[in-house]
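One structure below.
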Amino acid sequence: MNNSPISQIQFSGITKSFGKRKGKKLIINDLDITLTGGECTLLTGKNGSGKSTLLRILSGLIKPDSATINTGLQSLSWKQARKLLRKQVMYLYQEPYMFDGSVRRNLLYAVSGANAKQRINRALQWADLEHRAETEAKCLSGGEKQRVALAQAWLKQPLVLLLDEPTSNMDDYSRHITEDLLLSFKKSGTALLVASHDPNHFYRVTDNNLSLIHGELINKPIELNTDLPNNVSPFPNKLGQH
Amino acid sequence: MESLDATIWKAITLLFSGDKELWNIIGISFQISTSAILLALLPAVLLGFVLAYAHFPGRRFLISVFNTLLAVPAVVVGLTLYILLSRQGPLGEWKLLFTQTAMILGQITLSFPILVAMSHSAFQSAEIRAWDTARTLAGSPIRSFFIIMREVRFGLLSALLAAYGRIIAEVGASMMLGGNILHYTRNIPTAIALETSKGDFAQGIALGIILVSMAFLLTITLQTIQGRGALAHE
(Lines give C-alpha, C1' and ligand atoms only; values in the text may rest on other atoms or scores of the structure.)
Protein backbone atom coordinates (compact mmCIF):
# COMPACT_ATOMS: atom_id res chain seq x y z
CA MET A 1 0.00 0.00 0.00
CA ASN A 2 1.31 3.45 -0.88
CA ASN A 3 1.81 5.51 2.27
CA SER A 4 1.60 8.91 0.59
CA PRO A 5 -1.05 11.34 1.99
CA ILE A 6 -1.93 12.13 -1.64
CA SER A 7 -4.73 10.04 -3.11
CA GLN A 8 -5.31 11.98 -6.31
CA ILE A 9 -3.32 13.97 -8.84
CA GLN A 10 -5.13 16.45 -11.10
CA PHE A 11 -3.47 17.65 -14.28
CA SER A 12 -5.05 20.65 -16.01
CA GLY A 13 -4.34 22.43 -19.26
CA ILE A 14 -1.65 20.04 -20.50
CA THR A 15 -0.39 21.26 -23.86
CA LYS A 16 2.50 19.77 -25.77
CA SER A 17 3.79 20.37 -29.26
CA PHE A 18 6.89 19.18 -31.09
CA GLY A 19 8.95 20.95 -33.73
CA LYS A 20 9.67 24.61 -34.31
CA ARG A 21 7.81 27.45 -36.06
CA LYS A 22 6.34 26.24 -39.38
CA GLY A 23 6.87 22.55 -38.62
CA LYS A 24 5.31 22.83 -35.17
CA LYS A 25 2.80 20.06 -34.49
CA LEU A 26 0.33 20.19 -31.62
CA ILE A 27 0.17 16.74 -30.02
CA ILE A 28 -1.82 17.47 -26.85
CA ASN A 29 -4.19 20.40 -26.65
CA ASP A 30 -5.27 21.87 -23.28
CA LEU A 31 -6.07 18.47 -21.79
CA ASP A 32 -7.35 17.79 -18.24
CA ILE A 33 -7.02 14.44 -16.50
CA THR A 34 -7.41 13.25 -12.91
CA LEU A 35 -5.77 10.10 -11.61
CA THR A 36 -7.38 8.71 -8.46
CA GLY A 37 -6.03 5.98 -6.20
CA GLY A 38 -7.75 2.61 -6.66
CA GLU A 39 -9.16 3.52 -10.07
CA CYS A 40 -8.08 2.31 -13.47
CA THR A 41 -8.48 4.50 -16.53
CA LEU A 42 -8.12 3.08 -20.00
CA LEU A 43 -6.64 5.49 -22.51
CA THR A 44 -7.37 4.53 -26.08
CA GLY A 45 -6.47 6.18 -29.34
CA LYS A 46 -4.97 5.39 -32.70
CA ASN A 47 -1.27 4.80 -33.14
CA GLY A 48 0.45 8.18 -33.14
CA SER A 49 -2.42 9.92 -31.35
CA GLY A 50 -0.12 11.05 -28.52
CA LYS A 51 -0.88 8.40 -25.85
CA SER A 52 2.79 7.70 -25.13
CA THR A 53 3.61 11.42 -25.07
CA LEU A 54 0.81 12.02 -22.55
CA LEU A 55 2.04 9.16 -20.36
CA ARG A 56 5.61 10.47 -20.46
CA ILE A 57 4.38 13.94 -19.42
CA LEU A 58 2.31 12.49 -16.57
CA SER A 59 5.37 10.58 -15.32
CA GLY A 60 7.57 13.70 -15.43
CA LEU A 61 9.84 12.28 -18.12
CA ILE A 62 9.11 15.07 -20.61
CA LYS A 63 8.16 18.66 -19.97
CA PRO A 64 4.84 19.95 -21.32
CA ASP A 65 4.57 23.39 -22.93
CA SER A 66 2.09 24.21 -20.16
CA ALA A 67 0.33 22.32 -17.36
CA THR A 68 -1.00 22.81 -13.86
CA ILE A 69 -0.76 20.04 -11.28
CA ASN A 70 -2.87 19.78 -8.17
CA THR A 71 -2.51 17.06 -5.55
CA GLY A 72 -5.60 17.99 -3.55
CA LEU A 73 -3.25 19.35 -0.87
CA GLN A 74 -1.52 21.98 -2.99
CA SER A 75 -1.07 23.40 -6.47
CA LEU A 76 2.37 22.83 -7.91
CA SER A 77 4.58 24.40 -10.55
CA TRP A 78 6.05 22.01 -13.12
CA LYS A 79 9.45 22.12 -11.37
CA GLN A 80 7.91 21.11 -8.03
CA ALA A 81 5.55 18.65 -9.67
CA ARG A 82 8.32 16.92 -11.61
CA LYS A 83 10.00 15.92 -8.36
CA LEU A 84 6.72 14.52 -7.03
CA LEU A 85 5.90 12.77 -10.29
CA ARG A 86 9.34 11.14 -10.46
CA LYS A 87 8.76 9.81 -6.94
CA GLN A 88 5.08 8.89 -7.05
CA VAL A 89 4.43 8.00 -10.66
CA MET A 90 5.91 4.98 -12.38
CA TYR A 91 5.87 4.60 -16.15
CA LEU A 92 6.15 1.16 -17.73
CA TYR A 93 7.20 0.93 -21.36
CA GLN A 94 5.46 -1.26 -23.91
CA GLU A 95 8.52 -3.49 -23.72
CA PRO A 96 10.07 -2.74 -20.33
CA TYR A 97 13.83 -2.28 -20.29
CA MET A 98 15.70 -5.08 -18.54
CA PHE A 99 19.19 -4.42 -17.22
CA ASP A 100 22.08 -6.85 -17.59
CA GLY A 101 21.84 -9.60 -15.01
CA SER A 102 19.23 -11.86 -13.48
CA VAL A 103 15.60 -11.08 -12.74
CA ARG A 104 16.58 -10.88 -9.06
CA ARG A 105 19.22 -8.23 -9.84
CA ASN A 106 16.67 -6.21 -11.83
CA LEU A 107 14.35 -6.26 -8.83
CA LEU A 108 17.21 -5.26 -6.54
CA TYR A 109 17.42 -1.90 -8.36
CA ALA A 110 13.87 -1.12 -7.20
CA VAL A 111 14.61 -1.81 -3.52
CA SER A 112 16.39 0.30 -0.97
CA GLY A 113 16.70 -0.10 2.76
CA ALA A 114 16.38 -3.13 5.00
CA ASN A 115 14.92 -6.56 4.21
CA ALA A 116 15.71 -6.26 0.50
CA LYS A 117 16.11 -10.01 0.05
CA GLN A 118 12.77 -10.88 1.68
CA ARG A 119 10.95 -8.14 -0.23
CA ILE A 120 12.41 -9.33 -3.53
CA ASN A 121 11.37 -12.91 -2.74
CA ARG A 122 7.83 -11.70 -2.03
CA ALA A 123 7.77 -9.71 -5.27
CA LEU A 124 8.95 -12.77 -7.23
CA GLN A 125 6.17 -14.81 -5.62
CA TRP A 126 3.61 -12.07 -6.28
CA ALA A 127 4.43 -11.93 -10.01
CA ASP A 128 4.77 -15.72 -10.30
CA LEU A 129 8.42 -15.37 -11.30
CA GLU A 130 10.10 -17.50 -8.63
CA HIS A 131 11.19 -20.06 -11.19
CA ARG A 132 12.76 -17.27 -13.26
CA ALA A 133 14.60 -15.52 -10.40
CA GLU A 134 18.09 -16.40 -11.61
CA THR A 135 17.34 -16.19 -15.36
CA GLU A 136 19.04 -13.48 -17.42
CA ALA A 137 16.31 -10.81 -17.59
CA LYS A 138 17.11 -9.76 -21.17
CA CYS A 139 16.29 -13.32 -22.30
CA LEU A 140 12.72 -13.34 -20.95
CA SER A 141 9.62 -13.25 -23.14
CA GLY A 142 7.68 -9.99 -23.54
CA GLY A 143 5.04 -11.12 -21.03
CA GLU A 144 7.64 -12.11 -18.45
CA LYS A 145 9.49 -8.79 -18.88
CA GLN A 146 6.21 -7.00 -18.25
CA ARG A 147 5.74 -9.04 -15.06
CA VAL A 148 9.29 -8.16 -13.91
CA ALA A 149 8.44 -4.49 -14.47
CA LEU A 150 5.19 -4.92 -12.52
CA ALA A 151 7.14 -6.63 -9.71
CA GLN A 152 9.49 -3.63 -9.67
CA ALA A 153 6.43 -1.38 -9.41
CA TRP A 154 5.08 -3.58 -6.61
CA LEU A 155 8.34 -3.02 -4.73
CA LYS A 156 8.33 0.74 -5.39
CA GLN A 157 4.62 1.11 -4.51
CA PRO A 158 3.96 4.25 -6.56
CA LEU A 159 0.81 6.32 -6.18
CA VAL A 160 0.21 6.17 -9.93
CA LEU A 161 1.17 3.45 -12.38
CA LEU A 162 1.20 4.31 -16.09
CA LEU A 163 1.33 1.46 -18.57
CA ASP A 164 1.99 1.89 -22.27
CA GLU A 165 0.39 -0.92 -24.30
CA PRO A 166 1.29 -3.45 -21.61
CA THR A 167 -0.27 -6.49 -23.28
CA SER A 168 0.57 -5.88 -26.92
CA ASN A 169 2.02 -9.00 -28.56
CA MET A 170 1.01 -11.13 -25.57
CA ASP A 171 -0.90 -14.38 -25.70
CA ASP A 172 -4.18 -14.75 -23.76
CA TYR A 173 -2.51 -16.46 -20.81
CA SER A 174 0.09 -13.69 -20.30
CA ARG A 175 -2.60 -11.04 -20.82
CA HIS A 176 -4.77 -12.55 -18.08
CA ILE A 177 -1.85 -12.77 -15.66
CA THR A 178 -0.98 -9.12 -16.36
CA GLU A 179 -4.62 -8.09 -15.81
CA ASP A 180 -4.67 -10.02 -12.53
CA LEU A 181 -1.55 -8.15 -11.41
CA LEU A 182 -3.18 -4.85 -12.36
CA LEU A 183 -6.28 -5.76 -10.34
CA SER A 184 -4.01 -6.35 -7.38
CA PHE A 185 -2.55 -2.86 -7.78
CA LYS A 186 -6.05 -1.39 -7.93
CA LYS A 187 -7.06 -3.15 -4.72
CA SER A 188 -4.02 -1.74 -2.95
CA GLY A 189 -5.02 1.83 -3.88
CA THR A 190 -2.74 2.54 -6.82
CA ALA A 191 -4.14 4.75 -9.60
CA LEU A 192 -3.73 3.04 -12.97
CA LEU A 193 -3.68 4.61 -16.41
CA VAL A 194 -3.39 2.06 -19.19
CA ALA A 195 -2.76 3.18 -22.76
CA SER A 196 -3.93 0.75 -25.38
CA HIS A 197 -4.91 1.03 -29.02
CA ASP A 198 -7.40 -1.83 -28.48
CA PRO A 199 -10.43 -0.84 -26.31
CA ASN A 200 -11.42 -4.50 -25.88
CA HIS A 201 -8.47 -5.17 -23.61
CA PHE A 202 -8.57 -4.57 -19.86
CA TYR A 203 -12.36 -4.61 -19.51
CA ARG A 204 -11.92 -6.56 -16.24
CA VAL A 205 -9.75 -3.82 -14.79
CA THR A 206 -10.97 -0.47 -16.10
CA ASP A 207 -13.38 1.97 -14.45
CA ASN A 208 -13.18 4.79 -17.02
CA ASN A 209 -12.43 4.89 -20.69
CA LEU A 210 -10.89 7.96 -22.26
CA SER A 211 -10.08 8.35 -25.90
CA LEU A 212 -7.36 10.64 -27.20
CA ILE A 213 -8.44 12.15 -30.51
CA HIS A 214 -6.61 15.04 -32.18
CA GLY A 215 -4.86 15.90 -28.90
CA GLU A 216 -8.10 16.08 -26.88
CA LEU A 217 -9.59 13.64 -24.39
CA ILE A 218 -13.09 12.33 -24.93
CA ASN A 219 -14.99 10.35 -22.29
CA LYS A 220 -16.25 7.10 -23.67
CA PRO A 221 -18.43 4.47 -22.02
CA ILE A 222 -16.61 1.21 -21.29
CA GLU A 223 -17.16 -1.18 -24.14
CA LEU A 224 -17.32 -4.86 -23.35
CA ASN A 225 -16.31 -7.28 -26.00
CA THR A 226 -19.12 -9.81 -26.03
CA ASP A 227 -17.06 -12.18 -28.16
CA LEU A 228 -14.94 -13.02 -25.15
CA PRO A 229 -16.27 -15.90 -22.99
CA ASN A 230 -16.88 -14.01 -19.72
CA ASN A 231 -15.38 -11.48 -17.40
CA VAL A 232 -13.74 -14.05 -15.17
CA SER A 233 -10.16 -15.07 -15.66
CA PRO A 234 -9.84 -18.74 -16.63
CA PHE A 235 -6.53 -18.76 -14.81
CA PRO A 236 -6.12 -19.09 -11.04
CA ASN A 237 -5.40 -15.79 -9.30
CA LYS A 238 -2.22 -16.21 -7.28
CA LEU A 239 -1.96 -12.61 -6.33
CA GLY A 240 -1.44 -11.42 -2.81
CA GLN A 241 -2.04 -8.01 -1.35
CA HIS A 242 0.68 -5.46 -0.66
CA MET B 1 76.94 -2.76 -34.17
CA GLU B 2 75.91 -6.17 -32.80
CA SER B 3 73.78 -8.60 -34.79
CA LEU B 4 70.02 -8.53 -34.31
CA ASP B 5 70.05 -11.96 -32.60
CA ALA B 6 72.69 -10.88 -30.15
CA THR B 7 70.87 -7.62 -29.39
CA ILE B 8 67.55 -9.38 -28.74
CA TRP B 9 69.29 -11.96 -26.53
CA LYS B 10 70.99 -9.13 -24.61
CA ALA B 11 67.61 -7.37 -24.21
CA ILE B 12 65.98 -10.51 -22.79
CA THR B 13 68.90 -11.08 -20.43
CA LEU B 14 68.64 -7.46 -19.31
CA LEU B 15 64.95 -7.88 -18.58
CA PHE B 16 65.39 -10.98 -16.46
CA SER B 17 68.61 -9.89 -14.74
CA GLY B 18 66.66 -7.46 -12.57
CA ASP B 19 68.57 -4.45 -13.90
CA LYS B 20 67.70 -1.68 -11.42
CA GLU B 21 67.87 1.17 -13.92
CA LEU B 22 65.59 -0.63 -16.38
CA TRP B 23 62.98 -1.53 -13.79
CA ASN B 24 63.12 1.99 -12.35
CA ILE B 25 62.17 3.34 -15.79
CA ILE B 26 59.33 0.82 -16.05
CA GLY B 27 58.12 1.75 -12.55
CA ILE B 28 58.12 5.49 -13.33
CA SER B 29 56.22 4.85 -16.54
CA PHE B 30 53.42 2.91 -14.87
CA GLN B 31 53.27 5.25 -11.89
CA ILE B 32 52.81 8.35 -14.06
CA SER B 33 50.36 6.80 -16.52
CA THR B 34 48.27 5.15 -13.78
CA SER B 35 48.06 8.45 -11.84
CA ALA B 36 47.02 10.28 -15.02
CA ILE B 37 44.30 7.78 -15.94
CA LEU B 38 42.92 7.65 -12.39
CA LEU B 39 42.67 11.44 -12.24
CA ALA B 40 41.07 11.73 -15.69
CA LEU B 41 38.66 8.79 -15.41
CA LEU B 42 35.81 10.05 -13.23
CA PRO B 43 35.41 13.57 -14.70
CA ALA B 44 35.74 12.21 -18.25
CA VAL B 45 33.12 9.48 -17.69
CA LEU B 46 30.78 12.02 -16.06
CA LEU B 47 31.21 14.35 -19.04
CA GLY B 48 30.59 11.46 -21.46
CA PHE B 49 27.42 10.67 -19.52
CA VAL B 50 26.21 14.28 -19.57
CA LEU B 51 26.89 14.54 -23.32
CA ALA B 52 24.91 11.35 -23.91
CA TYR B 53 21.81 12.11 -21.85
CA ALA B 54 21.57 15.85 -21.12
CA HIS B 55 20.34 18.27 -23.75
CA PHE B 56 21.84 21.74 -23.59
CA PRO B 57 22.98 24.38 -26.10
CA GLY B 58 26.45 23.62 -27.46
CA ARG B 59 26.24 19.88 -26.74
CA ARG B 60 26.85 18.84 -30.36
CA PHE B 61 29.71 21.33 -30.61
CA LEU B 62 31.34 19.85 -27.50
CA ILE B 63 31.02 16.32 -28.89
CA SER B 64 32.72 17.49 -32.11
CA VAL B 65 35.50 19.16 -30.10
CA PHE B 66 36.27 15.94 -28.18
CA ASN B 67 36.16 13.86 -31.35
CA THR B 68 38.60 16.29 -32.97
CA LEU B 69 40.91 16.19 -29.95
CA LEU B 70 41.27 12.43 -30.46
CA ALA B 71 43.44 13.15 -33.49
CA VAL B 72 45.71 15.75 -31.87
CA PRO B 73 49.33 14.47 -31.84
CA ALA B 74 50.99 14.01 -28.45
CA VAL B 75 53.77 16.39 -29.44
CA VAL B 76 51.24 19.21 -29.99
CA VAL B 77 49.79 18.59 -26.52
CA GLY B 78 53.37 18.62 -25.18
CA LEU B 79 54.16 21.86 -26.98
CA THR B 80 50.99 23.59 -25.73
CA LEU B 81 51.60 22.59 -22.12
CA TYR B 82 55.30 23.43 -22.47
CA ILE B 83 54.39 27.00 -23.48
CA LEU B 84 51.92 27.26 -20.58
CA LEU B 85 54.31 25.81 -17.97
CA SER B 86 57.61 27.36 -19.14
CA ARG B 87 59.10 30.09 -16.99
CA GLN B 88 57.72 32.87 -19.22
CA GLY B 89 54.37 31.12 -19.63
CA PRO B 90 51.14 32.00 -17.79
CA LEU B 91 51.59 29.02 -15.41
CA GLY B 92 55.38 29.43 -15.08
CA GLU B 93 55.09 30.34 -11.40
CA TRP B 94 53.98 26.81 -10.60
CA LYS B 95 57.49 25.56 -11.59
CA LEU B 96 56.10 22.32 -12.95
CA LEU B 97 58.12 21.97 -16.14
CA PHE B 98 60.37 18.87 -16.18
CA THR B 99 58.53 17.28 -13.27
CA GLN B 100 56.41 14.15 -13.01
CA THR B 101 53.39 16.41 -12.36
CA ALA B 102 53.88 18.03 -15.77
CA MET B 103 54.03 14.58 -17.38
CA ILE B 104 50.84 13.58 -15.56
CA LEU B 105 49.14 16.79 -16.81
CA GLY B 106 50.24 15.97 -20.36
CA GLN B 107 48.92 12.42 -20.14
CA ILE B 108 45.62 13.60 -18.59
CA THR B 109 45.25 15.99 -21.55
CA LEU B 110 45.91 13.13 -23.96
CA SER B 111 43.66 10.56 -22.29
CA PHE B 112 40.73 12.86 -21.46
CA PRO B 113 39.29 13.18 -25.01
CA ILE B 114 39.58 9.40 -25.55
CA LEU B 115 37.78 8.71 -22.28
CA VAL B 116 35.07 11.31 -23.00
CA ALA B 117 34.45 10.26 -26.62
CA MET B 118 34.43 6.53 -25.91
CA SER B 119 32.36 6.76 -22.72
CA HIS B 120 29.91 9.02 -24.57
CA SER B 121 29.56 6.30 -27.24
CA ALA B 122 29.17 3.66 -24.53
CA PHE B 123 26.39 5.61 -22.78
CA GLN B 124 24.71 6.33 -26.12
CA SER B 125 24.71 2.61 -26.90
CA ALA B 126 22.35 2.14 -23.95
CA GLU B 127 18.84 3.10 -24.95
CA ILE B 128 17.15 6.15 -23.48
CA ARG B 129 14.71 3.63 -21.95
CA ALA B 130 17.62 2.37 -19.83
CA TRP B 131 18.19 5.81 -18.31
CA ASP B 132 14.46 6.47 -17.83
CA THR B 133 14.07 3.07 -16.14
CA ALA B 134 17.10 3.63 -13.92
CA ARG B 135 15.72 7.07 -12.91
CA THR B 136 12.31 5.58 -12.13
CA LEU B 137 13.68 2.68 -10.11
CA ALA B 138 16.66 4.12 -8.30
CA GLY B 139 15.18 7.23 -6.74
CA SER B 140 18.40 9.26 -6.69
CA PRO B 141 20.37 10.45 -9.75
CA ILE B 142 23.63 9.12 -8.26
CA ARG B 143 22.24 5.59 -7.86
CA SER B 144 20.77 5.81 -11.39
CA PHE B 145 24.19 6.83 -12.72
CA PHE B 146 25.83 3.77 -11.15
CA ILE B 147 23.12 1.47 -12.57
CA ILE B 148 23.79 2.84 -16.06
CA MET B 149 27.56 2.63 -15.52
CA ARG B 150 27.17 -1.07 -14.77
CA GLU B 151 25.02 -1.46 -17.87
CA VAL B 152 27.71 -0.01 -20.17
CA ARG B 153 30.69 -1.36 -18.22
CA PHE B 154 32.23 -3.15 -21.22
CA GLY B 155 32.24 0.04 -23.29
CA LEU B 156 33.71 1.99 -20.37
CA LEU B 157 36.41 -0.62 -19.88
CA SER B 158 37.29 -0.37 -23.59
CA ALA B 159 37.63 3.40 -23.13
CA LEU B 160 39.88 2.91 -20.11
CA LEU B 161 42.16 0.43 -21.85
CA ALA B 162 42.35 2.47 -25.08
CA ALA B 163 43.28 5.62 -23.13
CA TYR B 164 45.84 3.77 -21.00
CA GLY B 165 47.38 2.18 -24.09
CA ARG B 166 47.71 5.61 -25.68
CA ILE B 167 49.42 7.39 -22.77
CA ILE B 168 51.78 4.62 -21.64
CA ALA B 169 53.29 4.53 -25.12
CA GLU B 170 53.37 8.24 -26.03
CA VAL B 171 56.73 9.91 -26.32
CA GLY B 172 56.17 13.50 -27.55
CA ALA B 173 54.48 15.05 -24.50
CA SER B 174 56.55 13.08 -21.97
CA MET B 175 59.82 14.14 -23.59
CA MET B 176 58.87 17.83 -23.76
CA LEU B 177 57.25 18.10 -20.34
CA GLY B 178 59.39 15.66 -18.36
CA GLY B 179 62.77 16.35 -19.89
CA ASN B 180 63.81 12.66 -19.75
CA ILE B 181 65.63 12.97 -16.38
CA LEU B 182 67.04 9.62 -15.20
CA HIS B 183 65.33 8.17 -12.07
CA TYR B 184 62.74 10.96 -12.17
CA THR B 185 60.98 11.60 -15.47
CA ARG B 186 62.52 8.99 -17.76
CA ASN B 187 59.76 6.61 -18.76
CA ILE B 188 59.64 3.70 -21.22
CA PRO B 189 59.03 5.65 -24.48
CA THR B 190 61.51 8.44 -23.71
CA ALA B 191 64.13 5.88 -22.64
CA ILE B 192 63.64 3.93 -25.88
CA ALA B 193 64.10 7.15 -27.90
CA LEU B 194 67.26 8.07 -25.95
CA GLU B 195 68.92 4.63 -25.97
CA THR B 196 68.21 4.17 -29.67
CA SER B 197 69.79 7.54 -30.48
CA LYS B 198 72.87 6.42 -28.48
CA GLY B 199 73.01 3.14 -30.41
CA ASP B 200 72.17 1.01 -27.33
CA PHE B 201 69.44 -1.08 -28.89
CA ALA B 202 69.35 -3.77 -26.19
CA GLN B 203 67.71 -1.56 -23.54
CA GLY B 204 65.35 -0.10 -26.15
CA ILE B 205 64.27 -3.58 -27.22
CA ALA B 206 63.87 -4.72 -23.58
CA LEU B 207 61.58 -1.77 -22.90
CA GLY B 208 59.79 -2.34 -26.20
CA ILE B 209 59.08 -5.93 -25.13
CA ILE B 210 57.45 -4.58 -21.96
CA LEU B 211 55.24 -2.18 -23.97
CA VAL B 212 54.21 -4.82 -26.51
CA SER B 213 53.53 -7.38 -23.73
CA MET B 214 51.38 -4.84 -21.94
CA ALA B 215 49.44 -3.98 -25.11
CA PHE B 216 48.89 -7.70 -25.68
CA LEU B 217 47.75 -8.20 -22.08
CA LEU B 218 45.31 -5.26 -22.31
CA THR B 219 43.83 -6.59 -25.56
CA ILE B 220 43.45 -10.13 -24.19
CA THR B 221 41.84 -8.78 -21.01
CA LEU B 222 39.40 -6.68 -23.01
CA GLN B 223 38.49 -9.54 -25.34
CA THR B 224 37.96 -11.89 -22.40
CA ILE B 225 35.71 -9.45 -20.56
CA GLN B 226 33.75 -8.55 -23.70
CA GLY B 227 33.41 -12.23 -24.53
CA ARG B 228 31.91 -12.89 -21.11
CA GLY B 229 29.51 -10.00 -21.62
CA ALA B 230 28.42 -11.35 -25.02
CA LEU B 231 27.96 -14.86 -23.60
CA ALA B 232 25.78 -13.48 -20.81
CA HIS B 233 23.40 -12.04 -23.43
CA GLU B 234 23.08 -15.27 -25.41
Side-chain angles (χ1 to χ4, degrees), chain A residues 52 55-63 82-102 105-113 116 119-120 123 134-140 145-146 148-164, chain B residues 45 48-50 52-61 118-119 121-160 221-234:
Chain A
S52 299
L55 259 57
R56 286 170 67 77
I57 290 171
L58 300 181
S59 60
L61 287 172
I62 54 174
K63 190 182 173 185
R82 197 176 172 186
K83 221 173 175 181
L84 173 94
L85 299 177
R86 279 286 173 98
K87 206 173 166 188
Q88 296 289 354
V89 180
M90 198 163 165
Y91 171 70
L92 302 192
Y93 282 92
Q94 185 172 346
E95 189 179 338
Y97 187 86
M98 296 288 117
F99 291 102
D100 260 357
S102 65
R105 176 171 276 280
N106 273 267
L107 294 183
L108 185 66
Y109 293 143
V111 188
S112 55
R119 287 169 65 201
I120 289 170
E134 307 309 327
T135 306
E136 178 68 31
K138 284 189 195 283
C139 300
L140 297 175
K145 282 180 184 170
Q146 196 63 251
V148 174
L150 287 168
Q152 287 171 329
W154 189 85
L155 287 164
K156 292 292 288 181
Q157 301 180 8
L159 178 67
V160 178
L161 187 56
L162 308 172
L163 301 105
D164 197 352
Chain B
V45 169
F49 171 79
V50 169
Y53 291 124
H55 294 274
F56 55 90
R59 174 177 157 266
R60 278 169 194 270
F61 175 73
M118 288 184 73
S119 58
S121 298
F123 284 118
Q124 269 206 324
S125 70
E127 301 167 48
I128 189 72
R129 283 189 311 152
W131 174 238
D132 285 347
T133 307
R135 286 288 283 123
T136 308
L137 294 178
S140 77
I142 293 170
R143 197 168 169 223
S144 315
F145 174 66
F146 282 109
I147 292 175
I148 290 294
M149 265 190 63
R150 187 187 178 275
E151 193 68 359
V152 299
R153 63 195 178 282
F154 300 117
L156 293 181
L157 192 69
S158 301
L160 176 73
T221 309
L222 186 62
Q223 280 178 349
T224 310
I225 294 168
Q226 283 180 332
R228 273 187 208 157
L231 277 177
H233 289 163
E234 279 174 13

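Sequence lines set the chain letters: A, B, ... in the order given, protein chains first and strands last, and positions in each chain run from 1.
Between A/Y93 and B/T133 the shortest side-chain heavy-atom distance falls below 4.5 Å.
With sequence neighbours excluded, the residues that form a side-chain hydrogen bond (donor to acceptor under 3.5 Å, both in side chains) with B/E127 are B/R129. Partners of A/R86 under the side-chain hydrogen bond (donor to acceptor under 3.5 Å, both in side chains) rule, at least two apart in sequence or in another chain, do not exist in this structure.
Of all heavy-atom pairs spanning B/E151 and A/M98, the tightest one is OE2-O, 4.0 Å. For the residue pair B/R153 and A/D100, the shortest heavy atom distance occurs at NH1-OD2, 3.4 Å. Here the closest heavy-atom approach between residue B/R143 and residue A/S112 is recorded as NH1-CB, 4.0 Å.
At a 4.5 Å heavy-atom cutoff, the contact between A/L108 and chain B is made by backbone atoms alone.
More than 12 heavy atoms of other residues, nucleotides or ligands lie within 6.0 Å of CZ in B/F56, so this atom counts as buried by the packing criterion.
For the set B/T136, B/D132, B/L137, the entry with the most heavy-atom pairs within less than 4.5 Å of chain A is B/L137.
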